[in-house]
Amino acid sequence: MLRSISLVLCVAATVAAPALAANPFTINYYTIAGTYGGGSGDPDFNTIGCCTPTYYDEVKPTLGALGLPVYNTASTAPFIHDTTPDGQITWWSPGLNNHVTYTGTATVTSPFANYNFYPNNGTGTDDSHGFQGATISGQFNLTAPESVTFSFGADDDAFLALDRNVIAQEGGIHGVSAAPVTTSVLAAGVHNFTLFYVDRNVTGAGLYFNVDTSNIVVTPPVGGVPEPATWAMMVAGFGFVGLSVRRRRPTTVAA
């Protein structure tokens, strides 16, 4: 589906290059309690030394039923403990992972760049108060079929999903090396994207993300972006309603 180019992002001024419009992104912030200074916490955070290779197959190509990335057990990336029974990674879901705390939602302007991305909400100086997690989401409407280019780089894990399909990923413990990824031609109409991010090691924390295609206008998804824990509660609620319906007995009216 993709034509990707792997290169380190270079900042250069080019007179002929068109200026990119500043787009608003919706960001959800999370703090994950990991091991720091000998303390206990989430087993996926600060338990792997720096650095590992960058893994481009750490998660499966499609998001799970709860809208979360799904761990790919066939990957050579280090084992991920925080998963649901069907493999969905719970780093962004307080409802499924008691080490995760949701800390707020904000609107940020593209390009998003924070190379000291520590709690709380990217304003800290180290991981002593936990490890930063985030999702960045938005939607755009294509008036005609077109390819779209994104750029992102992360320290550490980041997974970019478009219309629930993972189109690019940087798994593992590594520094920021931002690179563009261009989709195949997308159909005209509305498309939704989410970038999933976590810092998992104390050696650094950073995230860069942008939509590079100049004519793309990003808006918040209609109805907002449900936090993954909300999806979990919704699914549980649907199951409860279904169970109640199954338990209901028909009333017999005597003639």
Side-chain angles (χ1 to χ4, degrees), residues 1-12 14 17-28 54-72 74-75 77 88-89 92 107-113 134-154 156-172 174 176-198 207-226 228:
M1 177 180 179
L2 297 174
R3 304 188 305 273
S4 61
I5 306 172
S6 297
L7 54 90
V8 175
L9 180 70
C10 296
V11 178
T14 305
L20 296 178
N23 279 306
F25 299 145
T26 300
I27 186 167
N28 286 341
T54 300
Y55 298 98
Y56 301 103
D57 62 349
E58 190 170 59
V59 300
K60 293 184 177 181
T62 305
L63 298 181
L66 301 178
L68 295 165
V70 180
Y71 173 50
N72 178 17
S75 172
Q88 296 180 79
I89 301 172
W92 307 272
T107 299
V108 294
T109 303
S110 65
F112 179 86
T135 60
I136 296 178
S137 302
Q139 71 174 29
F140 53 87
N141 187 3
L142 297 180
T143 58
E146 182 179 357
S147 296
V148 176
T149 298
F150 301 88
S151 285
F152 79 96
D156 295 299
D157 299 76
F159 314 113
L160 177 60
L162 178 66
D163 300 330
R164 297 184 62 86
N165 295 309
V166 177
I167 63 171
Q169 54 182 299
E170 292 186 356
H174 48 72
V176 178
S177 181
V181 56
T182 300
T183 69
S184 57
V185 176
L186 303 174
V190 175
H191 299 272
N192 290 273
F193 65 83
T194 300
L195 179 71
F196 297 85
Y197 164 81
V198 288
L207 178 63
Y208 177 91
F209 178 68
N210 197 26
V211 179
D212 293 344
T213 304
S214 60
N215 62 320
I216 296 297
V217 177
V218 176
T219 59
V222 174
V225 181

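This one's a predicted model, so the numbers in the text were calculated from it and none came from an experiment. These numbers come from the heavy atoms of this one structure, side chains and all, not from hydrogens, waters or symmetry mates.
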Report, one line per pair, each donor and acceptor closer than 3.5 Å where one atom sits in a side chain of residues 59-71; sequence neighbours left out.
none

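Taking the side chain as every heavy atom from C-beta outward, Leu142 and Ile216 approach each other to under 4.5 Å. Annotation: side chain of Ile27 is in contact with side chain of Phe112 (closest heavy-atom distance under 4.5 Å). Looking at Leu207 and Leu195, their side chains come closer than 4.5 Å, going by heavy atoms from C-beta outward. Using a 4.5 Å heavy-atom cutoff, the side chains of Val211 and Phe140 are not in contact. The side-chain heavy atoms of His191 and Val148, taken from C-beta on, include no pair separated by under 4.5 Å.
In plain terms, the two heavy atoms of Asn23 and Val218 that are nearest each other are OD1-N, 2.8 Å. In plain terms, the two heavy atoms of Asp212 and Pro180 that are nearest each other are OD2-CB, 4.3 Å. Contact detail for Gln169 and Glu58: the closest heavy-atom pair is OE1-N, 2.9 Å. In terms of heavy-atom proximity, Ser110 sits nearest to Asn210 at CB-OD1, 3.2 Å.
If you check the side chains of Ser75 and Asp57, you find a donor sitting under 3.5 Å from an acceptor. In this structure, a donor-acceptor pair under 3.5 Å is absent between the side chains of Thr183 and Ser147.
Legend: residues meeting side-chain hydrogen bond (donor to acceptor under 3.5 Å, both in side chains) with Glu170, ordered by chain and number and at least two apart, are absent. Residues that satisfy the salt bridge (Lys or Arg N to Asp or Glu O under 4.0 Å) test with Asp157, not counting sequence neighbours, are Arg200. Annotation: ring pair (Phe, Tyr, Trp, His ring centres under 6.0 Å) contacts of Phe209 (sequence neighbours excluded): Phe25, Phe193. The ring pair (Phe, Tyr, Trp, His ring centres under 6.0 Å) search around His174 returns none, not counting sequence neighbours. Applying the ring pair (Phe, Tyr, Trp, His ring centres under 6.0 Å) test to Tyr55 and every residue at least two apart in sequence or in another chain returns nothing.
For the atom pair CZ of Phe196 and CG of Asn28, the computed distance is 10.0 Å after rounding to the nearest 0.5 Å. Between Ile167 atom CD1 and Asn165 atom CG the span is 9.0 Å, to the nearest 0.5 Å.
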